[in-house]
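Naming: A, B, ... by sequence-line order, numbering from 1 per chain. We use all heavy atoms of the structure for the numbers below, so side chains are in, but hydrogens, waters and symmetry mates are not.
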Number of protein chains: 4
Amino acid sequence: MGAVKARRLPRAVRERQMLDAAVRSFARHGYQAASMDEIAELAGVSKPLVYLYLNSKEELFTAVIRREAQALLAVVAEAVVDPGAPPDERLWAGLLAFFTYAAEYPDSWTVLNRQARTHGEPFAGEAARMRDEITAFVAGLIGEASREARGGVAITERDVAALAQALVGSAESLAGWANETPGVTAKEAAATLMNFAWSGLGNLMKSERWSPR
Amino acid sequence: MGAVKARRLPRAVRERQMLDAAVRSFARHGYQAASMDEIAELAGVSKPLVYLYLNSKEELFTAVIRREAQALLAVVAEAVVDPGAPPDERLWAGLLAFFTYAAEYPDSWTVLNRQARTHGEPFAGEAARMRDEITAFVAGLIGEASREARGGVAITERDVAALAQALVGSAESLAGWANETPGVTAKEAAATLMNFAWSGLGNLMKSERWSPR
Amino acid sequence: MGAVKARRLPRAVRERQMLDAAVRSFARHGYQAASMDEIAELAGVSKPLVYLYLNSKEELFTAVIRREAQALLAVVAEAVVDPGAPPDERLWAGLLAFFTYAAEYPDSWTVLNRQARTHGEPFAGEAARMRDEITAFVAGLIGEASREARGGVAITERDVAALAQALVGSAESLAGWANETPGVTAKEAAATLMNFAWSGLGNLMKSERWSPR
Amino acid sequence: MGAVKARRLPRAVRERQMLDAAVRSFARHGYQAASMDEIAELAGVSKPLVYLYLNSKEELFTAVIRREAQALLAVVAEAVVDPGAPPDERLWAGLLAFFTYAAEYPDSWTVLNRQARTHGEPFAGEAARMRDEITAFVAGLIGEASREARGGVAITERDVAALAQALVGSAESLAGWANETPGVTAKEAAATLMNFAWSGLGNLMKSERWSPR
DNA sequence: AATGAATGAGGTTTCATTCAT
DNA sequence: CATGAATGAAACCTCATTCAT
């Protein structure tokens with residue numbers, strides 16, 4: 001009567017169902033507006049079971065953020081794994097992987113980029129950790145490129161950090177735009193960003209700087 | 001000496017106090033977690049007065065978003081007003097105004113950039129309207145620059161839109177980073193972004209494009 | 001600006017406006033749902049003035065009931081004033097006056113018949129007083145008729161009271177029905193009731209009683 | 001000994017308790033003045049459970065009206081079930097059942113006759129449906145009697161409707177009077193009404209009509 | 001392993017009523 | 001005389017969370 005009952009599933013399976021449901025719910029309604037009732041129903045289990053496995057709404061959200069962050073990081077890390085490749089190719093691979101992920105799992109991306117960062121501690125911290133990791137990776141690439149660019153001036157570490165922030169921000173913004181603009185592929189978004197960013201970085205390193213007046 | 005408690009103020013004054021309080025509260029806790037109780041207390045009035053003037057939590061948040069969006073737009077618009085100036089100088093002026101605003105009114109910026117966009121309709125739409133306006137302005141500058149760059153290849157409208165998204169995203173990201181990194185000035189953030197972005201755009205127009213492999 | 005200001009009217013006039021507004025509001029929304037705000041606005045005055053003159057919502061409602069009850073009683077009393085006329089003609093005149101009043105002032109009738117009786121003390125008591133007066137008058141007529149009917153059996157006082165209740169209830173019900181059935185006149189309603197009631201009473205007095213089995 | 005507090009009852013039982021409590025509360029205070037807090041307490045449960053099962057105050061009141069209307073209708077219908085009996089005996093049985101119900105469940109009767117009809121849509125409509133059903137049944141009996149009365153004049157359908165309204169109004173009024181007058185039995189009230197009404201109807205059919213002047 | 005039954009705590013909203021001019 | 005400004009109190013409703021089976 002009612003839903004088909006799938007009883008006695010192993011814990012790991014049940015937990016995955018719950019986290020999947022939670023991702024959807026948190027992405028659509030936000031942390032506060034998402035209700036444990038809806039999540040349990042989406043997951044096809046009763047509420048007490050959610051509590052038995054995930055303990056509280058806060059822990060559930062944290063678990064969601066952690067899992068999704070790991071997934072995104074894994075996808076990107078896998079793409080950029082070749083340490084011998086030149087930095088621009090590694091950046092390209094990473095961007096492609098990132099835009100593909102954002103397009104393929106929009107709820108996951110929404111949770112990471114919007115909900116987690118918007119709803120204070122401890123969620124923001126959890127999300128920041130992942131973002132920092134990506135930013136640090138990007139900063140590494142920029143530093144690498146700057147060291148390879150002979151004859152250029154040195155770039156301070158803070159400059160590198162700032163540039164990485166800018167690049168990551170571009171990617172985040174483009175991901176949102178790509179997701180809501182019909183017909184924009186991950187590849188196209190990545191290409192736009194490479195053109196925009198890498199040339200700018202290149203000039204920077206050749207010390208062709210822009211200055212006011 | 002100095003009224004400790006100023007009672008019977010005219011409506012306009014009270015409304016401003018309430019909106020100020022609401023900006024703080026929404027920025028710190030988010031739309032849902034902010035309580036009308038706290039907002040009323042921050043504003044130094046009773047809850048019913050907030051409802052008498054602003055009608056509901058939703059309308060209050062909407063009013064906040066509208067007021068803050070207007071304020072940000074006004075500041076930027078004022079900075080870029082000179083239509084005779086070259087596009088890079090106008091962009092520079094706009095960025096400087098923007099980073100200054102974000103640094104000076106971090107709660108306002110948080111509400112616009114995080115809370116409004118994260119909490120669904122009708123708030124997201126209200127915030128999107130403002131962001132679109134800024135993005136359109138940036139796109140205008142990019143288009144202008146592209147037309148001035150002789151010998152370059154044409155840039156499609158979608159390219160321009162994408163680049164504007166990227167640039168705006170960079171600015172948003174840098175604003176957040178500047179606000180939480182001690183010692184970073186608005187001018188510095190703006191300079192980083194100009195170097196990063198404008199040169200990239202310049203190369204783009206000279207059709208020095210990056211392409212994979 | 002806004003409403004035309006009619007200032008400095010004599011108190012009696014203002015009070016009448018307020019009571020008129022209150023009758024409408026109480027009839028339409030009921031005692032609780034009617035708001036002092038709406039009543040003040042309907043009356044074209046500010047809320048504090050309502051309180052200055054009528055003191056509280058409860059007193060306002062009481063004043064309304066009293067005024068309307070007086071008005072209805074006055075109308076009926078005026079109709080049945082001729083003490084020399086036979087009881088059936090006096091009843092007829094009273095019914096006609098009553099149905100006419102209910103049709104002409106439906107809000108007043110609603111307040112008296114529904115709202116006052118439904119909302120507990122002290123309102124129910126106030127309305128009961130008026131209803132009792134009418135019922136007593138009807139009982140008087142019945143008693144009179146019964147004494148005139150020679151050869152009949154005596155009717156106990158309680159029978160008379162019960163019959164008066166029945167007759168008054170018929171009238172109340174018919175008034176509601178007449179008001180919501182298009183094309184039914186006060187005269188028609190009164191005629192139906194006379195036919196129904198007076199003959200029944202007549203038979204009763206001739207002791208042609210109905211009994212079960 | 002004997003569970004002082006019976007916890008974890010099945011839903012159906014709890015729902016009944018809640019409806020019972022609501023009948024009491026609505027009868028005593030009216031729809032608006034009755035508080036969900038009091039109803040929950042009367043029912044011996046917490047407020048959230050009331051909402052879980054009945055959804056809202058409005059739905060609760062509607063459910064109450066429906067249940068009580070069904071109960072009253074059922075009682076009356078059961079009494080008049082014999083279609084072979086002559087109309088006066090069927091009326092007598094129905095009246096007896098009705099007065100008995102009103103005496104035995106005064107809160108239910110108050111809710112149906114006063115509160116539901118006084119508090120606007122959708123409650124009034126719900127109550128009107130039941131009253132219309134009863135009125136239609138009475139009208140049927142009157143029509144039946146009129147057809148049986150040979151030699152009389154035809155009674156128009158509107159006359160029949162009006163007479164039914166009058167008879168039902170009598171019954172309502174007498175029920176209230178009986179309930180608040182000590183020592184009046186249901187049988188007595190029913191007898192008074194039969195004497196009053198049936199003879200009047202009889203005369204009507206013999207066309208012994210009362211007319212003014 | 002899984003759930004129907006139940007609630008404490010807190011949120012938004014409304015309204016009669018008063019103060020100070 | 002008249003009112004704009006202001007509030008205490010209480011209502012409806014929701015939700016994360018737990019108990020008992």
Side-chain angles (χ1 to χ4, degrees), chain A residues 5-11 14 32-40 44-60, chain B residues 5-11 13-15 32-40 44-60, chain C residues 5-11 14 32-40 44-60, chain D residues 5-11 13-15 32-40 44-60:
Chain A
K5 293 229 185 168
R7 286 173 169 281
R8 312 281 147 163
L9 291 187
R11 172 162 183 156
R14 282 275 195 243
Q32 311 259 1
S35 85
M36 295 299 271
D37 267 303
E38 191 197 280
I39 291 171
V45 299
S46 73
K47 239 188 320 177
L49 200 58
V50 179
Y51 279 88
L52 187 62
Y53 286 176
L54 277 314
N55 298 318
S56 74
K57 194 184 192 185
E58 190 173 315
E59 281 191 38
L60 170 57
Chain B
K5 205 137 190 198
R7 297 189 162 279
R8 309 280 145 170
L9 296 185
R11 173 168 182 154
V13 175
R14 281 284 191 235
E15 272 191 21
Q32 313 254 5
S35 87
M36 295 300 270
D37 265 307
E38 194 199 274
I39 291 172
V45 299
S46 70
K47 237 184 326 176
L49 200 60
V50 180
Y51 279 90
L52 189 61
Y53 288 170
L54 277 312
N55 299 319
S56 73
K57 196 183 189 183
E58 188 172 320
E59 280 192 39
L60 171 57
Chain C
K5 294 231 184 168
R7 286 173 170 281
R8 313 282 147 161
L9 292 186
R11 172 161 182 155
R14 282 275 196 243
Q32 311 258 2
S35 84
M36 296 299 272
D37 266 304
E38 191 197 279
I39 292 172
V45 300
S46 73
K47 238 187 321 177
L49 199 59
V50 179
Y51 279 88
L52 188 63
Y53 286 175
L54 278 315
N55 298 320
S56 74
K57 195 183 188 183
E58 189 173 317
E59 281 191 38
L60 170 57
Chain D
K5 205 139 192 198
R7 298 189 162 276
R8 309 278 146 174
L9 297 186
R11 174 168 179 153
V13 176
R14 281 285 192 235
E15 272 191 21
Q32 313 254 3
S35 86
M36 295 299 272
D37 265 306
E38 192 198 274
I39 292 172
V45 299
S46 71
K47 234 185 327 174
L49 200 59
V50 180
Y51 279 91
L52 188 62
Y53 287 171
L54 278 312
N55 298 321
S56 72
K57 196 183 189 183
E58 187 171 320
E59 280 192 39
L60 171 57

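Contact annotation: side chain of B:Arg8 to base of E:dC19, donor-acceptor pair present below 3.5 Å. The base of E:dT3 lies outside donor-acceptor range of the side chain of A:Lys47, with no N or O pair under 3.5 Å.
Summarising the geometry of A:Ala40 relative to A:Ser46, their closest heavy-atom pair is CB-C, 4.1 Å, with the distance given to 0.1 Å. Of all heavy-atom pairs spanning C:Arg11 and C:Leu52, the tightest one is NH2-O, 4.3 Å.
Per the geometry, CD belonging to C:Glu59 stands 15 Å off P belonging to E:dA16, to the nearest Å. Distance CG (C:Asp37) to P (F:dG4): 12 Å, rounded to an integer number of Å. Spacing between atom OH of C:Tyr51 and atom P of E:dC15 amounts to 12 Å, rounded to whole angstrom units. Taking atom NZ on D:Lys57 and atom C1' on E:dT13, their separation rounds to 14 Å, with Å as the unit. In this structure, A:Leu52 atom CG and F:dA16 atom P are separated by 18 Å, rounded to whole Å. Rounded to whole angstrom, the span from the CE atom of B:Met36 across to the P atom of F:dA9 amounts to 20 Å. One can place CD of D:Glu15 at 14 Å from C1' of E:dA6, the figure rounded to the nearest angstrom. Taking atom CD on C:Glu38 and atom C1' on E:dT14, their separation rounds to 14 Å, with Å as the unit.
One finds the NZ atom of C:Lys47 at 13.0 Å from the CG atom of C:Leu49 (value rounded to the nearest 0.5 Å). With rounding to the nearest 0.5 angstrom, the CE atom of A:Met36 is 7.5 Å from the NZ atom of A:Lys57.
Among the nucleotides F:dT3, E:dT18, E:dT3, the one closest to the side chain of C:Val45 is F:dT3.
The side chain of C:Arg14 contributes no N or O atom lying less than 4.0 Å from OP1 or OP2 of F:dC1.
Partner assigned to F:dT21 is E:dA2, using Watson-Crick or G-U wobble distances below 3.5 angstrom.
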task = Please step through side chain to side chain contact (heavy atoms under 4.5 Å, CB included) for the pair D:Leu54 and D:Glu59, ending with a clear verdict.
result = CA-CA 6 Å; D:Leu54 278 312; D:Glu59 280 192 39; 5.6 Å; no
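Residue C:Ala34 is classed as a sugar-phosphate contact, given heavy-atom separations below 4.0 Å to backbone atoms only.
Residues A:Ser35 and B:Leu49 both approach DNA chain F. Their nearest nucleotides, taken by heavy-atom distance, put B:Leu49 toward the 5′ side. Residue whose closest nucleotide on DNA chain E sits further toward the 5' end, between A:Pro48 and C:Asn55: A:Pro48. Residue-to-nucleotide proximity on DNA chain F shows that, of D:Glu58 and B:Arg11, the 5′-proximal contact is made by B:Arg11.
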